[in-house]
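Working notes, beginning with the structure itself.
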Amino acid sequence: AVTLSSLARFHGRIFAAGGKHGVFATDGGPLQPAEALTIYRLAASQQFLFAAGSQLFAWHDGDSWRGGTYTLGSTSTE
């Protein structure tokens, strides 16, 4: 079973974040795999579907996915 952690509507489709299982999409039928990225949060604007994972930020323009990895800085408790 896949746990869905986030949903977003983009270009008439519903996208679902499935964590390590990837991103899924539907246009009314069953959810289908859309992209093999580890994604936990989705958000959409008119122009892009934004996706964030553990160390990944990506966006989809309706045709292709782009993005990269990031590392958050650590803080000192001295």
*About how many Å separate NE2 of H60 and CG of L37, when rounded to the nearest 0.5 Å?*
10.5 Å

_For the CD atom of Q55 and the OG1 atom of T71, what is their distance to the nearest 0.5 Å?_
5.0 Å

*Is there a side-chain contact between L7 and L42 (heavy atoms, below 4.5 Å)?*
no

*asked:* As an exercise, state the distance from CZ of F48 to NE2 of H11, rounded to the nearest 0.5 Å.
replied: 9.0 Å

_In one Ile/Leu/Val/Met/Phe/Trp/Tyr side-chain cluster, 4.5 Å: Y70, W59_ = yes

*Can you name the nearest heavy-atom pair linking A1 to H21, along with the distance?*
O-NE2, 4.4 Å

*Where is the tightest heavy-atom contact between G18 and L4, given as atom of each residue plus distance?*
CA-CD2, 4.2 Å

_Between P33 and E35, is there a side-chain heavy-atom distance shorter than 4.5 Å?_
no

*Side chain proximity check, F24 to V2, heavy atoms < 4.5 angstrom*: yes

*Please examine the side chains of T38 and L56, heavy atoms only from C-beta on, and report whether any two atoms are closer than 4.5 Å.*
no

*Got a second to check how far F50's CZ is from S45's OG, nearest 0.5 Å?*
4.5 Å

*asked:* Taking V23 as the starting point, is it possible to reach F10 by hopping between hydrophobic residues whose side chains are less than 4.5 Å apart?
replied: yes

*Under 3.5 Å donor-acceptor, S5 side chain and Y40 backbone*: yes

*asked:* Looking at every non-hydrogen atom in both residues, tell me the closest pair between I39 and A17 and how far apart they are.
replied: O-CB, 3.5 Å

